[in-house]
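First listed ligand is number 1; within each ligand, the first listed atom is number 1. Basis for what follows: all heavy atoms, side chains included, without hydrogens, waters or symmetry-related copies.
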Amino acid sequence: MKAGIVGAGLGGLLAGAYLSSEGFDVEVFEKLPFAGGRFTSFSYKGYEVSTGALHMIPHGKRGPLGRMLREIGCDVEIVDSKPEGEFLLNGERELLTKESFTKLDVLKLNLEFLMNKLGRKRTLEEFARGLSERSYLYVRSFLGWSFSISPEQMRFEKIVPIFRRTELYGGPGIPIGGCKAVTESLAEIIESNGGGIHLRREVKAIKPGEKHKIFLDGEERKYDVIISDVGHKITSELLGEKHADHPPESKGVKYTVAIDEPFIGHTGVLFVLGKSIAGMNEVTNADENLGRKHMLQIHQPLRNGTKEEIVQGLREIREILRGYSFEIIAVQSYKGDWPVNRVMAGMDMGNRTKYGSIYVVGDGAKGDDIEVEGIALGVRKVLEDLL
Ligand SMILES: Cc1cc2nc3c(=O)[nH]c(=O)nc-3n(C[C@H](O)[C@H](O)[C@H](O)COP(=O)(O)OP(=O)(O)OC[C@H]3O[C@@H](n4cnc5c(N)ncnc54)[C@H](O)[C@@H]3O)c2cc1C
């Protein structure tokens, strides 16, 4: 069976690595000169500045992605974060533990789970408004950090499976070598199984048929299966169709800060409460090779994507890091065709198309989990169909 894959992001590479391990003849086409999409990095000023991701795997080594990586022999080491998180509120830091939340807030959460089961449909904002101020700010910060959205943009029921998986697998982990180590290892698996990764080869069109066709510049190739890793919108365009009502993407900005001394000092996330920036991590505490000194990555969800929002984020960073010797080495904004998520969290559009063996993977076609874990669950669904 021949599988043609459009896009060498995490979704495309994971699907390709799996299928090539199962004997499929896999060809991946990537329009850029590098593989990995938003899950790789470049060395800049001595720091591994990523193309997107904050070098984190949401459920660490035990989660859906970690498990799939092990299944196909991808030997990337994932260091689970310890502690998983901390709060920063009004200049004070406090470890994030179960005791961080009042008994009343925990009771309200459990009640909301129950009411949700019984059919109550509310946004996270409607639920979180009833919590203590600190818990409310934490919900805002968590959603801003993880999804680049605010609580009014997500329905409560969409967070339930993510919450349950976090209980099951725990919090985040950092791959040694950063996100690039994961995508590079997947690319190696494809190649070692005889597959091909063709860089600088933009797919111009897809034509469904008994054998599906991929059109490249001046060439067409035929496949039994096509897996698109470019989201539903671009996939529809490649198929010559218009996607009638495509949900919005999520926007954000990432600041990479080189800092002489550790600011966070551990491998977990520092959630920043009550600010426009949502949180930060310092992955050099897990892998010192990710930076010449220490590297802070700070994430801010963007409402409108304006310059004023970024100016505000920069102001907050300078205020928080006052007294430290640091340099902001990259400010990268994510919107349009290179967003934080191709579809806002909780609005994912599934992996199937109307063409049977043409599938969509990647963010925007996630299973019901967070970030690359959701991508892994989505790829798993496609594999269940194919294998
Ligand atoms: C700032 C930021 C921080 C993040 N942090 C994290 C994190 O810490 N942990 C986490 O789990 N997730 C994180 N994410 C999300 C994660 O990076 C993405 O969900 C994931 O990398 C997306 O992978 P993908 O395979 O869906 O798509 P992509 O990585 O976008 O890959 C799609 C590929 O297709 C190529 N392509 C597009 N059109 C064509 C065409 N016509 N022909 C050929 N190739 C084409 C593109 O060039 C690209 O390489 C973050 C995202 C951002 C933006």
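Judged purely by atom type and a 3.5 angstrom limit, Gln297 has no side-chain atom pairing as donor or acceptor with the backbone of Thr256.
In this structure, the separation between CD on Gln332 and NZ on Lys254 is 4.0 Å, given to the nearest 0.5 Å.
For atom 51 (C) of ligand 1, the nearest non-hydrogen atom from the set Val28, Val340, Ile234 belongs to Val340. Around atom 4 (C) of ligand 1, the closest heavy atom drawn from Ala8, Ala53, Ala205 belongs to Ala53. By heavy-atom distance, the residue among Arg342, Met56, Lys254 lying nearest atom 30 (O) of ligand 1 is Arg342. Distances from atom 32 (C) of ligand 1 to the heavy atoms of Asp229, Asn281, Val6, Ile57 show the closest one on Asp229.
For ligand 1, the atoms sitting less than 4.0 Å from at least one non-hydrogen atom of Gly11 are 25 (O), numbered in the order shown with element in parentheses. The atoms of ligand 1 that sit less than 4.0 Å from any heavy atom of Leu32 are 47 (O). Heavy-atom proximity to Pro58, at under 4.0 Å, picks out these atoms of ligand 1: 11 (O). Under a 4.0 Å criterion applied to the non-hydrogen atoms of Leu54, ligand 1 contributes the atoms 3 (C), 4 (C), 5 (N), 6 (C), 7 (C), 8 (O). Ligand-side atoms of ligand 1 in range of Pro339: 53 (C), range being under 4.0 angstrom from any heavy atom. Counting the atoms of ligand 1 from 1 in the order shown, those under 4.0 Å from a heavy atom of Gly362 are 26 (O).
No N or O atom of His299 sits closer than 3.5 Å to an N or O atom of ligand 1. In terms of N/O distances under 3.5 Å, ligand 1 is approached by Val372. Residue Leu10 has at least one nitrogen or oxygen atom sitting less than 3.5 Å from a nitrogen or oxygen atom of ligand 1, judged on distance alone.
Residue Glu152 qualifies as enclosed at atom CD: its count of foreign heavy atoms under 6.0 Å is above 12.
Using a non-hydrogen distance threshold of 4.0 Å, Gly374 does not register as a contact of ligand 1.
In summary, of the residues considered (Lys2, His212, Lys211), a side-chain hydrogen bond (donor to acceptor under 3.5 Å, both in side chains) with Asp224 occurs for Lys211 alone.
With a 4.0 Å cut-off on non-hydrogen atoms, Phe39 touches ligand 1 through its backbone as well as its side chain. Contacts between Cys179 and ligand 1 below 4.0 angstrom, taking non-hydrogen atoms only, are absent altogether.
Contacts classified as side-chain hydrogen bond (donor to acceptor under 3.5 Å, both in side chains) and involving residues 172-188 (residues at least two apart or in different chains) are not found.
For atom 36 (N) of ligand 1, the nearest non-hydrogen atom of the protein is Val230 CG1, 3.5 Å.
Both cation-pi conditions hold for Arg93 and Phe263: the charged atom is under 6.0 angstrom from the six-membered ring centre and inside a 45 degree cone around its axis.
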